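Here is the structure we will look at, set down as structure tokens.
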Amino acid sequence: MWFVTKQKGCTVTMRDIKYFISQALRSFFRNGLMTTAAVFTVVGCLFIVGIFTVLLFNVRYMSDRLQNQCEIQVFIEDGTDEGRVAQMQDEIKAVANVQSAELFSKKDTLEYVKTEMFEGKESALVGFEDDNPFRDSYKITLDDISQVAATVSALKQIPNVAEVKNEQETIDAVLSVSNITKNASLWIMLMLIIISVALISNTIKITVFNRRKEINIMKYIGATNRFIRMPFFFEGMTIGFVGALIAYGLISWAYVACINALVKNNLNFFELLPLKNMSLPMALIFLAMGIGIGALGSSISVRKHLHV
């Protein structure tokens, strides 16, 4: 039977906290089957949440990489003199969302074609030095790839700009995948959280029912409602905490295994974000969600089923 003295006021001492924790752990191990079911519901919920969290981190990682690699190329009209070409750099940099602008002259383009595209067949380009068919251009990197359409439109308004090329389809595809992943993650997380809260609530409800006589005695000798509720609250948090630890370990193991499989099969072109770069935020997300789910489930159960 629980031992308790009459509580005066609402002050919670360290002795009270130790008591709450000891009773929560006692209940955690005593309700074996229901506790196990609740823990693994949290594990299942957070494991799936972890999958979508990993996806979100990697979609953002790939988006950032694409943004750094994505270049808009601004081609300058034939016949534009060198002074005007140099002057255009400042005008291009002044456009909103432009991070940098690097001149890529027609000579540079011809040299690139020779060394990269016609290596070993340079004789095919003999005479192009005197009659260069390419145009001067600027390679531009952006601050925000989602604003690429507006940036292209503004660049086209600059005098002596002949054409603006960009990888709009690739950019749109990445942004679309990112948005779909975020929206799907939100709804799936919400559904799994509701399921976990419901099961934890039922687990706590059984604990309350099993201890109804003890609760009545506690109430009779003067224990406050708050004092009676706290062990259940800690029990729910313990269930969520244990579930979060197991889920984090599983998702970390699965993610490392996935990276190793990619490396083993020489799929290095599909580069994933290293686990160490997201381990801390992911651990915090797991713990916050696990403990939060447990606390919420116990609060709902106690409020509805503890008639004290």
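Since the structure is predicted, the reported quantities are computational estimates derived from the model, not experimental observations.
Under the 4.5 Å side-chain criterion, counting only non-hydrogen atoms from C-beta, Ile51 is not in contact with Val54. Side-chain contact check for Ile285 versus Met289: some heavy-atom pair is nearer than 4.5 Å. Residues Leu103 and Val85 meet the side-chain proximity criterion, which asks for heavy atoms closer than 4.5 Å. The side-chain heavy atoms of Gln157 and Val95, taken from C-beta on, include no pair separated by under 4.5 Å. Within the 4.5 Å cutoff, no side-chain heavy atoms of Ile246 are placed close to those of Phe47.
Ile140 contributes atom CD1, which lies 4.5 Å from atom CD1 of Ile92 (distance to the nearest 0.5 angstrom). Note that the OG1 atom of Thr141 and the CG atom of Asn97 stand 9.5 Å from one another [nearest 0.5 Å].
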Audit row: Leu245, Leu287, side-chain contact (heavy atoms from CB on, under 4.5 Å) steps and yes/no: CA-CA 7 Å; Leu245 288 181; Leu287 289 176; 4.2 Å; yes

Step-by-step side-chain contact (heavy atoms from CB on, under 4.5 Å) determination, Leu142 to Gln147: CA-CA 9 Å; Leu142 306 178; Gln147 303 297 322; over 6 Å; no

side-chain contact (heavy atoms from CB on, under 4.5 Å) evaluation trace for Met278 with Thr53: CA-CA 10 Å; Met278 61 179 178; Thr53 301; over 6 Å; no

Verdict with reasoning, Asp136 to Thr80, per side-chain contact (heavy atoms from CB on, under 4.5 Å): CA-CA 9 Å; Asp136 294 323; Thr80 304; over 6 Å; no

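Across all their heavy atoms, Ala244 and Gly290 have their closest contact at CB-CA, 4.2 Å.
In terms of the side chain to side chain contact (heavy atoms under 4.5 Å, CB included) criterion, residue partners of Phe75 (sequence neighbours excluded) are, by chain and number, Gln73, Arg135, Ser137, Glu163, Lys165. In terms of the side chain to side chain donor-acceptor pair (under 3.5 Å) criterion, residue partners of Ser105 (sequence neighbours excluded) are, by chain and number, Asp108. Taking the side chain to side chain contact (heavy atoms under 4.5 Å, CB included) definition, one finds that Met237 meets it with Phe233, Ile291, Ala295, sequence neighbours left out. A search for side chain to side chain contact (heavy atoms under 4.5 Å, CB included) contacts involving Ala288 returns nothing, not counting sequence neighbours.
In the displayed structure, Phe57 atom CZ is contacted under 6.0 Å by more than 12 heavy atoms of other residues, nucleotides or ligands.
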Return all side-chain donor-acceptor pairs below 3.5 angstrom for residues 247-259, not counting sequence neighbours, or 'none' if the list is empty.
{"from": "Tyr248", "atom 1": "OH", "to": "Ser279", "atom 2": "O", "distance (Å)": "3.3"}
{"from": "Ser252", "atom 1": "OG", "to": "Tyr248", "atom 2": "O", "distance (Å)": "2.8"}
{"from": "Tyr255", "atom 1": "OH", "to": "Asn58", "atom 2": "OD1", "distance (Å)": "3.4"}
{"from": "Tyr255", "atom 1": "OH", "to": "Asn58", "atom 2": "ND2", "distance (Å)": "3.2"}
{"from": "Tyr255", "atom 1": "OH", "to": "Leu273", "atom 2": "N", "distance (Å)": "3.4"}
{"from": "Tyr255", "atom 1": "OH", "to": "Leu273", "atom 2": "O", "distance (Å)": "2.4"}

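Judged purely by atom type and a 3.5 angstrom limit, Thr238 uses its side chain to pair as donor or acceptor with the backbone of Phe234.
Evaluation of the side chain to side chain donor-acceptor pair (under 3.5 Å) test over residues 87-96, restricted to residues two or more places apart or in two chains, returns Arg84-Gln87, Arg84-Glu91.
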